[in-house]
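Comments concern the structure below.
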Amino acid sequence: MPLHIETPLVTSRPLSLAAGRQVTLKLEALQPPGSFKIRGMGAACEWHASRGKRRFVSSSGGNAGIAAAYAGRELGIAVTVVVPETSTAHARELIRQQNAELIVHGKAWHEANALAMSLLTEHDAFLHPFDDPLLWTGHATMIDEAVRQGDRPDAVLLSVGGGGLMAGVVEGLRRNGWGDVSVIAVETIGADSLNQAAQAGERIALDAITSIATSLGAKQVCEQAFSLLQSHPVRCVTVTDQAALAACERFLDDHRILVEPACGASLVLAYANAPALANFQNVMVIVCGGATATVDQLRAWRTS
Ligand SMILES: *Cc1c(COP(=O)(O)O)cnc(C)c1O
């Protein structure tokens, strides 16, 4: 049994009306730890467990850390998550709920990551949040399911942080004979490392992350995501934080599911019937989810 669940693929009436075309939703927000991350993380953790690793180590204060903690508890393997002081109280609580050891260290992520690296022994596995082929192969299972659940879409709409989700989705499309389905890759301004790399024609790193969508906050995308710009039909789009927040609220009203701005970013395009959708009649949105935003947090961001 894999650690992720099979999620519903539903046609959204409100989003289809807003977008003027059929919009289906792959509801990854319903995964037990709150995001699609458990697909890849679960697969990677099982792989390491079967090779005798006795502890999983992560330096993600977001959904990757939460998924690693969930996977460890399910597999009966110890987990240590090192997060920086900037991580939210809510995210820390979610990691603790999974019985993981939580270490708060450093002012920024690179300091937390350095400590995590220093802890590693031969019995430990380090789980990267997005740059690992094991993760992509696990993420690809969402497309295996979609192939069984519904019709072939013309485009898949998804959010991009470090590009692991995109790499996994394209792997899934290709292994199911859907390799010509376009990908619309959405980022928030201030976390748009893929978009800026596409414009520059090289895998540049952002100086800083200035978006509230911290789950998209990778300063540099993985090599695999960057190379897919050449080998797959990918269109990069950016949206504002405020648009992403508004989409989260509207989605909560429409579908009763609370998602992070990282996920709201993708929903913006459907709600706005964005020009990027023009050539597509049937669009599948990966509702990637995210467990770290609360209603209070969304409201506070809206008024700040
Ligand atoms: C991790 C994450 C993303 C981005 O995934 P990448 O693999 O880093 O591109 C998007 N949304 C949510 C909710 C996430 O947790």
Side-chain angles (χ1 to χ4, degrees), residues 4 7 25-44 58-70 87-88 90-91 94-95 109 127-140 142 156-172 183-188 191-195 197 203 206 209 211-226 228-229 234 236 239 241 244-245 247-248 251 257-268 285-294 297-298:
H4 64 265
T7 58
L25 308 173
K26 186 64 175 149
L27 291 174
E28 291 302 299
L30 301 183
Q31 291 293 346
S35 80
F36 74 94
K37 286 254 171 34
I38 187 58
R39 289 189 186 265
M41 199 57 85
S58 165
S59 56
S60 161
N63 295 302
I66 296 166
Y70 176 88
S87 58
T88 65
H90 184 59
L94 291 172
I95 292 166
W109 173 79
L127 280 311
H128 195 278
F130 57 83
D131 194 5
D132 179 353
L134 289 171
L135 220 61
W136 310 331
T137 301
H139 293 338
M142 76 180 75
V156 176
L157 185 50
L158 53 76
S159 299
V160 172
L165 173 59
M166 181 168 107
V169 164
V170 172
E171 182 172 329
V183 167
I184 304 171
V186 191
E187 296 170 295
T188 48
D192 56 333
S193 42
L194 182 67
N195 178 56
R203 197 168 61 100
L206 303 178
I209 300 298
S211 168
I212 57 161
T214 48
S215 294
L216 305 185
K219 288 186 187 173
Q220 189 177 36
V221 295
C222 62
E223 187 69 53
Q224 177 74 358
F226 182 71
L228 286 174
L229 295 173
V234 178
C236 296
V239 301
D241 280 351
L245 285 169
C248 290
F251 191 70
I257 297 173
L258 178 65
V259 298
E260 289 180 15
C263 177
S266 282
L267 299 169
V268 170
V285 185
I286 305 298
V287 183
C288 48
T292 71
T294 60
Q297 176 74 80
L298 289 182

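Ligands are counted one by one from 1 in listed order, and the atoms in each one are counted from 1 as well. Everything numeric here is computed off the predicted structure, so don't read it as measured data.
Only one option out of I286, V183, I184, V287 pairs with L157 in a side chain to side chain contact (heavy atoms under 4.5 Å, CB included); it is I184. Each of C263, S159, C288 was compared with F36 under the side chain to side chain contact (heavy atoms under 4.5 Å, CB included) criterion, and only C288 meets it.
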side-chain contact (heavy atoms from CB on, under 4.5 Å) assessment of E28 paired with L165: CA-CA 11 Å; E28 291 302 299; L165 173 59; over 6 Å; no
M41/L135 under side-chain contact (heavy atoms from CB on, under 4.5 Å): CA gap, chis, key distance, verdict: CA-CA 6 Å; M41 199 57 85; L135 220 61; 4.2 Å; yes
Evaluation steps, side chain to side chain donor-acceptor pair (under 3.5 Å), between Q31 and T7: CA-CA 7 Å; Q31 291 293 346; T7 58; 4.7 Å; no
I66 vs K37, side-chain contact (heavy atoms from CB on, under 4.5 Å): CA-CA, chis, key distance, verdict: CA-CA 9 Å; I66 296 166; K37 286 254 171 34; over 6 Å; no
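The contact set between ligand 1 and F130, taken as ligand atoms under 4.0 Å from a residue heavy atom, comprises 7 (O), 8 (O). Annotation for ligand 1: atoms under 4.0 Å from non-hydrogen atoms of N63 are 13 (C), 14 (C), 15 (O). Close contacts of ligand 1 with G290, meaning ligand atoms under 4.0 Å from a residue heavy atom, involve 13 (C). Atoms of ligand 1 lying under 4.0 Å from at least one heavy atom of A262, given by number and element, are 11 (N). Atoms of ligand 1 found under 4.0 Å from any heavy atom of V160 (numbered from 1 in listed order, with element): 9 (O).
For atom 13 (C) of ligand 1, the nearest non-hydrogen atom of the protein is G289 O, 3.3 Å. Here the heavy atom of the protein found nearest to atom 2 (C) of ligand 1 is K37 NZ, 2.5 Å. With respect to atom 11 (N) of ligand 1, the closest heavy atom belonging to the protein is C288 SG, 3.2 Å. If you check which protein heavy atom lies closest to atom 5 (O) of ligand 1, you get F36 CZ, 3.5 Å.
Judged by distance alone, with hydrogens and angles left aside, the side-chain atoms of T292 form no donor-acceptor pair with the main-chain N or O of A91 at under 3.5 Å.
Of the options L216, T292, T214, I286, the smallest heavy-atom separation from atom 10 (C) of ligand 1 is shown by L216. Selection from L165, V221, L194 by nearest heavy atom to atom 7 (O) of ligand 1 gives L165. With distances taken over non-hydrogen atoms, the option nearest atom 4 (C) of ligand 1 out of G164, G161, G162 is G161.
Residue contacts with ligand 1 leave out G62, since none of its heavy atoms falls under 4.0 Å from the ligand. In this structure, C263 has no heavy atom closer than 4.0 Å to ligand 1. The shortest heavy-atom distance from M166 to ligand 1 is not under 4.0 Å.
Heavy-atom minimum distance, V221 versus G161: CG1-O, 3.6 Å.
Remark: Q220 CD to L194 CG distance equals 11.5 Å, nearest 0.5 Å. Once rounded to the nearest 0.5 Å, the distance linking CD of Q224 with CH2 of W136 reads 4.5 Å.
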